[in-house]
Amino acid sequence: MFAFLRRTATLLALLLPAWSALAADPAPKSAAHTVPDTMAQRMLACTVCHGEQGRATNAGYFPRIAGKPAGYLYNQLVHFRAGRRNNVGMASLLDSLSDDYLREIAAHFASLDLPYPPPLRSDAPAAVLQRGEALALRGDKARDVPACVACHGQALTGVNPAIPGLLGLPRDYLIGQLGAWQTGLRRASAPDCMGHVAQRLSGGDVTAVASWLASQPLPANTHPAPATAQPLPLRCGSEG
């Protein structure tokens, strides 16, 4: 105990002159730092959850928003603000923002052309992945479930202006969103085509299609497909 006190007293004796000098002659204040008024700077709040520049990762729960179609991103911001998507944090961030500013946010992230990480290896059984592939590429006519590619593009990278890509998203996020549509926690503008699809999937189907999608590599061209005049298999109020 006494040894500790002696060491403490010695340390204070050594530091006190330095502290006194700093108090008598403080360092000059640095020049004020100017923060650039850019969308990238303003959107740093989004990157806390969605990753650097909105690219996220292929694991965890938060989705990538970089490179998604601008119409889709805008629709989701409106849905969060209106409560059709149930997320208190997102709703509080967007509550006071105008439609025009939401369009600016959507355009900013849609314009980012960033590489995707390689997909994670799936540990799902082969039969589960086969079922997921069947749902994604061929659908299930008996359950009135169209194939994912029928709406989200043959490459599953989305379709402009408002249908998102399904590749490069975490498995848990995909499961969570399909489950939210099944329970009504996530809704879109009527007619809610994804609600129709999700409610016709079993729990096993949700796991299967999410596991297969999350394990697929991105094609060389990761951009959303151009808009097409071909009608969708279901009527969608907001196409996403």
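In the model, Arg85 has no side-chain atom that pairs as donor or acceptor with a side-chain atom of His79 under 3.5 Å. Ser92 and Asp95 are not linked by any side-chain donor-acceptor pair at a separation below 3.5 angstrom, with hydrogens and angles left out of the test. No hydrogens or angles considered: a donor-acceptor pair under 3.5 Å links the side chains of Gln177 and Tyr61.
Under the 4.5 Å side-chain criterion, counting only non-hydrogen atoms from C-beta, Arg81 is in contact with Leu102. A heavy-atom distance below 4.5 Å is not found between the side chains of Asn86 and Arg186.
Ionic pairing of Arg42 and Asp37 is present here: one or more N-O contacts between side-chain nitrogen and carboxylate oxygen are shorter than 4.0 angstrom. Contact check on Asp205 versus Arg143 returns a salt bridge, with a Lys/Arg side-chain nitrogen under 4.0 Å from an Asp/Glu carboxylate oxygen.
More than 12 heavy atoms of other shown residues, nucleotides or ligands fall within 6.0 angstrom of atom CD in Gln41. Counting non-hydrogen atoms of other residues, nucleotides and ligands closer than 6.0 Å to CZ of Arg235 gives a total of 12 or fewer.
With Asp192 contributing its side chain and Cys236 its backbone, the two residues share no donor-acceptor pair below 3.5 Å.
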Can I get a per-line list of side-chain donor-acceptor pairs under 3.5 Å for residues 144-158, giving both atom names and the distance, sequence neighbours left out?
from: Asp144; atom 1: OD2; to: His196; atom 2: NE2; distance (Å): 3.1
from: His152; atom 1: ND1; to: Pro164; atom 2: O; distance (Å): 2.7
from: Thr157; atom 1: OG1; to: His223; atom 2: O; distance (Å): 3.0

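The hydrophobic cluster containing Leu167 also contains Leu137, counting ILVMFWY residues as joined when their side-chain heavy atoms lie under 4.5 angstrom apart, directly or transitively.
Remark: Arg64 qualifies as a cation-pi partner of Tyr116 under the 6.0 Å distance and 45° angle criteria applied to the six-membered ring.
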